[in-house]
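If you read the sequence from its start, that first residue is 1, and numbering goes on from there.
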Amino acid sequence: MKNDNSFRLILEKTLQHALSHLENLDSKSVAATSTLSELRLKLNKQLNTEEFDAQKVIDELVSDTEGGLIGSAGGRFFGWAVGGSVPATLAADWLTSAWDQNACLVASAPAEAVIEEVCGNWLKDLLGLPAQASFAFVTGSQMAHVTCLAAARNSLLSKRNWDVESKGMNGAPQIRILTSSEKHGSVERAVRLLGLGIDSIISLPVDDEGKIKIAPLFEELKSNKETATILVLQAGDLNIGAFDLFSEIIPVAHNYNAWVHVDGAFGLWAAASEKYKHFTNGYELADSWVTDGHKWLNVPYDCGYAFIADSKAHLNSISHRASYLIHDENARDEINWTPDWSRRGRGVATYAAIRQLGRKGISELVERTCKFAHSLVTKIGELDGAEIIWTPTINQGLVRFKNSKNNATEADHDDYTEMIMEDIRKSGEAFFSGTTWRGKRCMRVSVLNWLTNENDIDRAVAAVKKVLREK
Ligand SMILES: Cc1ncc(COP(=O)(O)O)c(C=O)c1O
C-alpha cells in the first residue's frame, strides 16, 4: 500500500487545494452556495469496506465540500466575531498535525510543552495580566470558562471547608454567580457543566453603554455577603463590545471575598493596543480571565486561553496523575492545567501568530479592524432604510433595517432586518449574522479578520446598498 512518496504526493496536492481555497476567497461567494441536501448527496457515501486511494479521498473531499464552505477565512466575513488565520499560524497548525504529538505531558511532546510555557508568558505580557498567573491552552473560551470556574469553585468551597474535588456539589455550600444581563451563553453552560446550576446566576442590569450597573451590583454583594460568590465581568460583550468598570468594581468585590472572572473572548485583545487598552484598566486585579486565539489573534480553531491568578486553585481543580504516565516534576505537564487528556499541540499555532505579528503587529491588527468596523457601520448607516443602533467603540457595531411601509411596527422592522441580512448573504458579497439587542432584531457587524481591507468594506457596503434598493 504505502510507498516513500505516500506523504509527499498527497501533501503537495493538498497544498494546491488549500491555496486554491485561500487565493480565490476574493472572487468566491462568502456564504455557502449549496443546500444541505446537495451536500449530503455528495458527502454521504456508502461506508467503504475496502481501502480507498488516499489522494482520491482528498480530491473528493474538496469537490464534495464545494459550495458548503463559508468564506470565514477571508476579509468579507463579518459574522459572529471570528477571525481568520495569519499565514505563519496556518502553516504552524499544519505542522502540528504533521508532528502529531500528544501535548499532554512533557514526556510525550517536549518541544510543544516548552512552546506553551513560552506562549503563556507572552500572552500574559501582551494582555497585561499578572506574570505569576497560571494558564491553560484549551479549545476556546467555552472550555476556558469551565477551567477558570472550576478553580473558582475549588477555591471558594475550600475556604468553607468543603473539598469539592472529593465530595462534589451534593450538599456543598451554595455558590452564587453575579453577572450582567449581557453575559455570553458560554458562561451559563460552564455553570451548568460544573454543577453550579443556572438558577444560581443572578443577572444584573447594565447602563446605556452596556456596562454592568455598579449600584445594584454593590447592593447585591452586600446583601448576601456570607454566600460564596463568583462575579463574572465582561471585557467586550458580544453585541457592542462593552467593558465593565474593572478598577471600580474588582476591589469592592474582593472586599466581599468574591472570585472575579473576566470574559474577554475577543475583547481582552484591546489590552494589546495602546489606543484601546484603557478599556481594560484594572482588569489585572481579577482572579481569572478567558480569551481566544481563534478570534482576534487570527489563529485557526480550536484555540482558547484560560488564565488564573491563584495557580494552586487551578492545579487543585484540574491536575491529574496516572501510574502509566511519565510525569515531570520540574516542568509543565499540560495535563495538570487543561481539562483535556490527549490533545494536539495547541500552543504551536499561537507561537507562530505572535512571532509573525509581534507586539506592534497585534496592536495594529486590533486598531485596523476597529477602524474598519467603524467605517463599515457608519457607511451602512448612511444608506436609505438603514439605522445605526450601535456605533463601534471597538470592533462591534449594530445596524437595523427599517421597513418603509406605512405604520410599520417594530416586529415588521425585525422581520425586514432578518430578510435584508439573508439577501446580503445570498448575494455572496458579505456575511453578517443577527442578534436581538434591547428587544430589537439587529445586524451584528464584527470585524476581526487580518485580511479585511478598504475594498472589502466598500464591497460589503455596496452589497447592502443593492439589497436595500432592490427590496
Ligand atoms: C463574549 C464571548 N464569550 C465567550 C464566547 C465563547 O467563545 P468560544 O466560541 O471560543 O468558546 C464568545 C464567542 O463565541 C464570546 O463572544
- Query: Taking all non-hydrogen atoms of both residues, which atom of A253 and which atom of V260 are closest, and how far apart?
  - Reply: CB-CG2, 3.8 Å

- Using 4.0 Å as the upper bound for N to carboxylate O, is an ion pair formed by D93 and R344? yes

- Query: Would you say the side-chain atoms of T229 pair up with the backbone N or O of L178, donor to acceptor, closer than 3.5 Å?
  - Reply: no

- Charged N to carboxylate O below 4.0 Å: is that the case for R192 and E188? no

- Rounded to the nearest 0.5 Å, the NZ atom of K426 sits from the CE atom of M419 at a distance of 10.0 Å

- Might you work through the ring-ring contact (aromatic ring centres under 6.0 Å, His included) test for W80 and F431, ending with a clear yes or no? CA-CA 10 Å; W80 299 305; F431 193 114; 5.4 Å; yes

- Item | pair F78-L376: side-chain heavy atoms closer than 4.5 Å | yes

- Message: Under a 3.5 Å cutoff, is there a donor and acceptor pairing between the side chains of N154 and E165?
- Response: yes

- Candidate pair E334 and R346, rule salt bridge (Lys or Arg N to Asp or Glu O under 4.0 Å), full reasoning: CA-CA 10 Å; E334 292 94 322; R346 207 170 273 130; over 6 Å; no

- Can you measure from CD1 (I201) to OG1 (T179) and round to the nearest 0.5 angstrom? 7.5 Å

- Query: Can T227 and Q174 be counted as having a side-chain donor-acceptor contact under 3.5 angstrom?
  - Reply: no

- Message: Strictly below 4.0 Å, N to O, side chains only: are E23 and K28 in salt-bridge contact?
- Response: no

- Query: Between E116 and R343, is there a side-chain N and carboxylate O pair less than 4.0 Å apart?
  - Reply: yes

- Would you sort out whether F266 and V366 count as a side chain to side chain contact (heavy atoms under 4.5 Å, CB included), showing the intermediate values? CA-CA 10 Å; F266 58 89; V366 168; over 6 Å; no

- Less than 4.0 Å between a side-chain N and a carboxylate O, is that true for E387 and K402? yes

- Message: Under 3.5 Å, is there a donor on one side chain and an acceptor on the other for N336 and H314?
- Response: no

- Message: Between R153 (side chain only) and L194 (backbone N and O only), is there a donor and an acceptor less than 3.5 Å apart?
- Response: yes

- Between E429 and R459, is the closest basic N to carboxylate O distance under 4.0 Å? yes

- Does the side chain of T369 pick up a donor-acceptor pair with the side chain of W296 at under 3.5 Å? yes

- Check Y351, W337, F307, Y305 against F137 for a ring-ring contact (aromatic ring centres under 6.0 Å, His included) and give me the one that passes. Y305

- Item | Electrostatic pair R469:D384 at N-O distance under 4.0 angstrom | no

- Query: Stepwise, does the side chain to side chain contact (heavy atoms under 4.5 Å, CB included) test hold for N239 with R444?
  - Reply: CA-CA 7 Å; N239 287 313; R444 189 172 164 221; 4.2 Å; yes

- Is it true that K405 and D412 have a side-chain N and a carboxylate O under 4.0 angstrom from each other? yes

- Item | E470, CD: over 12 other non-hydrogen atoms inside 6.0 angstrom | yes

- Query: Do you know which two heavy atoms are closest between C148 and A306, and how far apart they sit?
  - Reply: SG-CB, 3.7 Å

- Query: Are any side-chain N or O atoms of T65 and backbone N or O atoms of V62, one a donor and one an acceptor, separated by less than 3.5 Å?
  - Reply: yes

- Message: Could you check whether atom CZ of R438 has more than 12 heavy atoms from other residues, nucleotides or ligands sitting under 6.0 Å from it?
- Response: yes

- Message: Quick check against the 3.5 Å criterion: does W269 have a side-chain atom that pairs as donor or acceptor with the backbone of D292?
- Response: yes

- Message: For a salt bridge (Lys or Arg N to Asp or Glu O under 4.0 Å) check, start with the C-alpha distance between D414 and K440, then their side-chain angles and the critical distance, and finish with the verdict.
- Response: CA-CA 7 Å; D414 285 349; K440 290 180 176 170; over 6 Å; no

- Are the side chains of I249 and I214 in touch, meaning some heavy atoms are under 4.5 Å apart? yes

- Task: Work out which heavy atom in T291 is nearest to a heavy atom in A265; give both atom names and the distance.
- Result: OG1-O, 3.0 Å

- Going by an N to O cut-off under 4.0 Å, is there a salt bridge joining E367 and K371? no

- Task: May I ask you to decide if A242's main-chain N or O and D237's side chain share a donor-acceptor pair within less than 3.5 Å?
- Result: yes

- Exactly one candidate in I177, I230, V232, I175 meets side chain to side chain contact (heavy atoms under 4.5 Å, CB included) with V191; the answer is I177

- Message: Donor-acceptor check, side chain of D244 to backbone of Q234, threshold 3.5 angstrom: yes or no?
- Response: yes

- Item | Check: L123 main-chain N/O paired with N121 side-chain donor or acceptor under 3.5 Å | no

- Query: How far apart are the closest heavy atoms of P392 and A373, and which atoms are they?
  - Reply: CG-O, 3.6 Å

- To the nearest 0.5 Å, tell me how far T96 OG1 sits from W94 CH2. 12.5 Å

- Do the side chain of T280 and the main chain of Y283 share a donor and acceptor less than 3.5 angstrom apart? no

- Message: Distance to the ring centre below 6.0 angstrom and angle to the axis at most 45 degrees; does that hold for R441 and Y416?
- Response: no

- Query: For residues S247 and N281, is any side-chain donor paired with an opposing acceptor at under 3.5 Å?
  - Reply: no

- Item | Derivation and outcome, side chain to side chain contact (heavy atoms under 4.5 Å, CB included), residues L217 and L231 | CA-CA 9 Å; L217 168 61; L231 169 62; 3.7 Å; yes

- Task: Begin from the C-alpha positions of H145 and H184 and carry the test ring-ring contact (aromatic ring centres under 6.0 Å, His included) through to its verdict.
- Result: CA-CA 11 Å; H145 283 317; H184 191 266; 7.5 Å; no

- Query: More than 12 foreign heavy atoms under 6.0 Å from CZ of R189: is that the case here?
  - Reply: no

- Query: Where do V445 and Q396 land on the side chain to side chain contact (heavy atoms under 4.5 Å, CB included) test, with the steps shown first?
  - Reply: CA-CA 6 Å; V445 180; Q396 302 290 313; over 6 Å; no

- Sub-3.5 Å donor-acceptor pair from the side chain of K277 to the main-chain atoms of A272, do we have one? no

- Would you check if there is a donor-acceptor pair between the side chains of S203 and K183 at a distance under 3.5 Å? yes

- Query: At their closest point, which heavy atom of G168 faces which heavy atom of W162, and how far apart are they?
  - Reply: O-NE1, 2.8 Å

- Search all heavy atoms of G75 against all heavy atoms of T452 and return the closest pair with its distance. O-OG1, 2.9 Å

- salt bridge (Lys or Arg N to Asp or Glu O under 4.0 Å) between K124 and E284, intermediate numbers included: CA-CA 10 Å; K124 286 185 281 177; E284 68 281 0; over 6 Å; no

- Could you tell me whether the side chain of S155 and the main chain of A152 form a donor-acceptor pair under 3.5 Å? no

- Give a yes or no on whether a salt bridge exists between E364 and R368, defined as a side-chain N under 4.0 angstrom from a carboxylate O. yes

- Message: Here's a test for you: under side chain to side chain contact (heavy atoms under 4.5 Å, CB included), which of D415, V467, I420 qualifies with F401?
- Response: I420

- Steps toward salt bridge (Lys or Arg N to Asp or Glu O under 4.0 Å) verdict (K466, D423): CA-CA 10 Å; K466 185 158 182 280; D423 284 359; over 6 Å; no

